[in-house]
Amino acid sequence: MNARSRWFVLLTALAAFTSGLTAPVAARSAAAVPDTTVLDGARLQHTRTHVGDPRLRPALEALTSRADKWLDQGPWTVVDKPRPAPGGDVHDYLSQAPYWWPSQSPTSDNPWGCPYVQRDGERNPEVDSGTDRQDLEKTFDSAYDLALAWYYTGSKRYAEKAGQVLRTWFLDPATRMNPHLEHAQFIPCKYDGRAIGIIDFSQSYTGVIDAIALLNTGAPGWSRRDRTGMARWNSDFLHWLRDSDFGKQEGAAANNHGTFYDLLLAGLACATGDRALARRTVLDARSRRIAPQIAADGSQPQELARTRSWHYSTFDLVAYTRLAAIGRHVGVDLWAYEGPEGQSLFGAVDYLLPAATGAAPWPHPELEFLRYAATDVVHAAADAGDARARRAVPQLEAPPGGDLWALRPAAEQLDSIAG
């Protein structure tokens with residue numbers, strides 16, 4: 001079945017699903033379609049129109065439960081860390097390399113316990129204190145959950161909290177983050193920052209971009225000044241991402257770092273109006289990412305070499321499936337691509353299905369196997385027309401807190417190891 005036929009089947013199935021749904025629960029359904037980058041705005045609008053349907057109730061309850069937990073937390077800011085980044089500016093984002101550990105006990109002459117040594121897949125608890133990493137994750141996750149909760153419920157408390165979170169981290173002069181990542185994933189006594197630290201942003205910032213698009217449809221408390229400020233911040237950050245040495249190094253990476261770089265680049269390009277760059281990035285991913293990084297059998301050899309091979313195999317596919325979603329907006333069907341040896345996104349997802357459904361154990365090294373890590377990427381493949389993935393959906397394991405796919409059909413890394 002070609003791409004056009006798969007899309008027709010998907011639309012037909014969606015029409016069949018919605019034909020018997022209940023009436024809208026509010027007149028808000030007439031609002032403009034959100035100009036989202038990864039999420040399908042028209043699909044979100046359609047779902048909101050029928051959000052009172054009992055079949056959506058479990059997902060809506062799970063989403064609002066998540067959003068409710070953010071209401072009395074934050075906002076967070078980069079200026080709260082106990083010491084500034086190596087450059088000395090408290091507005092610079094700072095994070096520490098997660099898999100690097102001190103090799104000696106700290107002393108007055110060697111307070112860090114240097115030199116640091118790598119222990120792949122083992123997270124050093126130091127990285128969760130003294131840097132901005134955990135606050136960044138909370139900012140990104142809360143903005144996404146709150147914006148979605150407002151969009152589906154209309155409750156202004158969610159919108160107002162999302163706006164407060166975003167303004168504090170990105171816009172307010174006293175608390176804003178500078179739009180660069182020169183000090184991400186530093187290694188004490190070794191590097192003041194590293195190109196691979198860009199993944200701190202690239203793994204989830206496209207969710208923030210979509211949260212902003214949702215708020216832009218008329219969220220209370222989200223002003224024209226806020227919209228303009230976020231557009232300027234994104235433009236400045238895109239400029240740094242494209243032109244900095246770190247950005248160029250990360251773009252040249254040949255594993256999940258390169259895939260996530262493409263996702264971030266394409267997402268920022270869409271958000272700032274450079275659809276040509278977004279389209280070119282998705283097109284190039286066929287020969288630069290899929291063909292060399294996915295094997296003919298669907299495995300991802302570079303991710304299988306890790307001690308967390310299941311985590312990183314699903315992690316890379318989060319980037320690929322989100323990039324394919326951006327492709328939909330710019331006229332590129334990344335799901336339809338097959339490399340010279342048959343490499344494809346469908347094949348990569350299908351490789352995970354035995355373990356994702358519990359039919360067979362994962363046959364590669366994994367320090368902590370969590371079956372639900374694959375749930376979203378299987379959903380994505382099923383939506384894109386993969387018959388095997390569609391049959392697997394009923395056997396998937398829901399992640400903690402519930403399966404939210406019906407309300408936010410774009411993959412997330414469900415077994416986050418970011419702390």
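When reading the values below, keep in mind they use all heavy atoms of this one structure, side chains included, and skip hydrogens, waters and symmetry mates. Residue indices begin at 1 and follow the sequence shown.
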Between Asp128 and Arg123, is there a salt bridge with N-O shorter than 4.0 Å?
-> yes
Would you check if there is a donor-acceptor pair between the side chains of Thr281 and Asp284 at a distance under 3.5 Å?
-> no
Mind telling me whether Phe201 and Phe140 have parallel, tilted or perpendicular rings, with 30° and 60° as the class edges?
-> perpendicular
Do the side chain of His91 and the main chain of Asn178 share a donor and acceptor less than 3.5 angstrom apart?
-> no
Arg280 and Asp274 ion-paired at < 4.0 Å | no
Report the C-alpha separation of Trp405 and Thr375 in whole Å, then their side-chain angles, then the decisive distance to 0.1 Å, and conclude whether the side-chain hydrogen bond (donor to acceptor under 3.5 Å, both in side chains) test is met.
-> CA-CA 9 Å; Trp405 187 262; Thr375 293; over 6 Å; no
Answer yes or no: are there more than 12 heavy-atom neighbours, outside Asp72 itself, under 6.0 Å from its atom CG?
-> yes
Going from CG on Leu304 to CZ on Arg306, what distance comes out if it is rounded to the nearest 0.5 angstrom?
-> 11.5 Å
Return yes when atom NE2 of His364 has more than 12 non-hydrogen atoms of other residues, nucleotides or ligands closer than 6.0 Å, and no otherwise.
-> yes
Ile196 side, atom CD1; Asn256 side, atom CG - distance, nearest 0.5 Å | 9.5 Å
Under 3.5 Å side-chain donor-acceptor pair for Gln300 and Tyr320 = no
Closest contact, heavy atoms only, Gln293 versus Thr259 | OE1-OG1, 3.3 Å
Is the side chain of Glu397 donor-acceptor paired with the backbone N or O of Tyr372 at a distance under 3.5 Å, no angle test?
-> yes
What closest approach, in Å, do Gly193 and Phe186 show between heavy atoms, and which atom pair accounts for it?
-> N-CB, 3.8 Å
Would you sort out whether Val378 and Leu352 count as a side-chain contact (heavy atoms from CB on, under 4.5 Å), showing the intermediate values?
-> CA-CA 8 Å; Val378 176; Leu352 306 179; 5.5 Å; no
Lys NZ or Arg CZ of Arg48 over Tyr151 ring: under 6.0 Å, within 45° = yes
May I ask you to decide if Leu264's main-chain N or O and Thr206's side chain share a donor-acceptor pair within less than 3.5 Å?
-> no
Trace of the salt bridge (charged side-chain N to carboxylate O under 4.0 Å, His left out) decision for Asp376 with Arg322 | CA-CA 11 Å; Asp376 269 2; Arg322 292 179 71 86; over 6 Å; no
Flag, side chain of Thr168 to backbone of Thr77, donor-acceptor distance under 3.5 Å | no
Run the numbers on Asp132 and Trp169 for side-chain contact (heavy atoms from CB on, under 4.5 Å), then give the verdict.
-> CA-CA 11 Å; Asp132 299 311; Trp169 190 272; 4.2 Å; yes
Compare all side-chain heavy atoms of Asp226 with those of Leu215 and state whether any distance is below 4.5 angstrom.
-> no
So, are Asp383 and Arg43 salt-bridged, with charged N and O less than 4.0 Å apart?
-> yes
Does any N or O in the side chain of Tyr152 come within less than 3.5 Å of the main-chain N or O of Leu407, such that one atom is a donor and the other an acceptor?
-> yes
Should Val78 and Asp92 count as side-chain neighbours, where that means a heavy-atom distance under 4.5 Å?
-> no
Within a strict 4.5 Å, meaning less than it, do heavy atoms of the Pro365 and Thr307 side chains meet?
-> no
Please test Asn216 against Asp35 for side-chain contact (heavy atoms from CB on, under 4.5 Å), starting from the C-alpha separation and ending with a verdict.
-> CA-CA 8 Å; Asn216 286 349; Asp35 188 19; over 6 Å; no
Measuring from Lys81:NZ to Asp135:CG, what's the distance to the nearest 0.5 Å?
-> 9.5 Å
Just how far is it from atom CD of Gln164 to atom OG of Ser142, taken to the nearest 0.5 Å?
-> 9.5 Å
Point-to-point distance, once rounded to the nearest 0.5 Å, from CZ of Phe260 to CG of Asp316 = 7.0 Å
So, for Ala32 and Gln45, which heavy atoms are closest and what is the spacing to 0.1 Å?
-> C-NE2, 4.0 Å
Under-4.0 Å salt bridge between Asp172 and Arg167 | no
Check: Ser95 main-chain N/O paired with Gln185 side-chain donor or acceptor under 3.5 Å = no
More than 12 non-hydrogen atoms from neighbouring residues, nucleotides or ligands closer than 6.0 Å to CZ on Arg176, yes or no?
-> yes
So do Glu412 and Val318 actually touch side chain to side chain, heavy atoms under 4.5 Å?
-> no
Centroid-centroid distance, Trp233 to Phe170, less than 6.0 Å | yes
Relative to each other, are the rings of Trp310 and Phe369 parallel, tilted or perpendicular (30° and 60° limits)?
-> tilted
Find out whether Gln96 and Ile187 are in side-chain contact, i.e. whether some heavy atom of one side chain is under 4.5 Å from a heavy atom of the other.
-> no
Just wondering, do Trp101 and Glu122 contact through their side chains at under 4.5 Å, heavy atoms?
-> yes
Got a donor-acceptor contact below 3.5 angstrom from the Tyr261 side chain to the Leu241 backbone?
-> yes
Verify, without hydrogens or angle tests, whether Arg157 (side chain) and Asp68 (backbone) share a donor-acceptor contact under 3.5 angstrom.
-> no
Search all heavy atoms of Gly197 against all heavy atoms of Leu181 and return the closest pair with its distance.
-> O-CD1, 4.5 Å
Take Trp240 and Glu182 through the side-chain contact (heavy atoms from CB on, under 4.5 Å) test and state the conclusion after the steps.
-> CA-CA 10 Å; Trp240 178 86; Glu182 292 290 345; 2.8 Å; yes
Evaluate side-chain hydrogen bond (donor to acceptor under 3.5 Å, both in side chains) for Asp200 paired with Tyr93, printing each intermediate quantity in order.
-> CA-CA 10 Å; Asp200 288 5; Tyr93 172 78; 2.8 Å; yes
Would you call Arg242 and Leu277 a side-chain contact if the rule is heavy atoms closer than 4.5 Å?
-> yes
Check whether any side-chain N or O of Asp415 sits under 3.5 Å from a backbone N or O of Ala373 as a donor-acceptor pair, and report yes or no.
-> no
Looking only at atom types and distance, does a side-chain atom of Gln343 sit under 3.5 Å from a main-chain N or O of Ala291, one as donor and one as acceptor?
-> yes
With a 4.5 Å limit on heavy-atom distance, are the side chains of Leu345 and Asp386 in contact?
-> no
So which heavy atom on Cys270 is nearest to which on Ala278, and how close?
-> SG-CB, 3.6 Å
In Å and rounded to the nearest 0.5 Å, what is the CG to CZ distance from Asn255 to Arg289?
-> 9.0 Å
Minimum heavy-atom distance between Pro292 and Ser287, given as atom pair plus value | CD-O, 3.2 Å
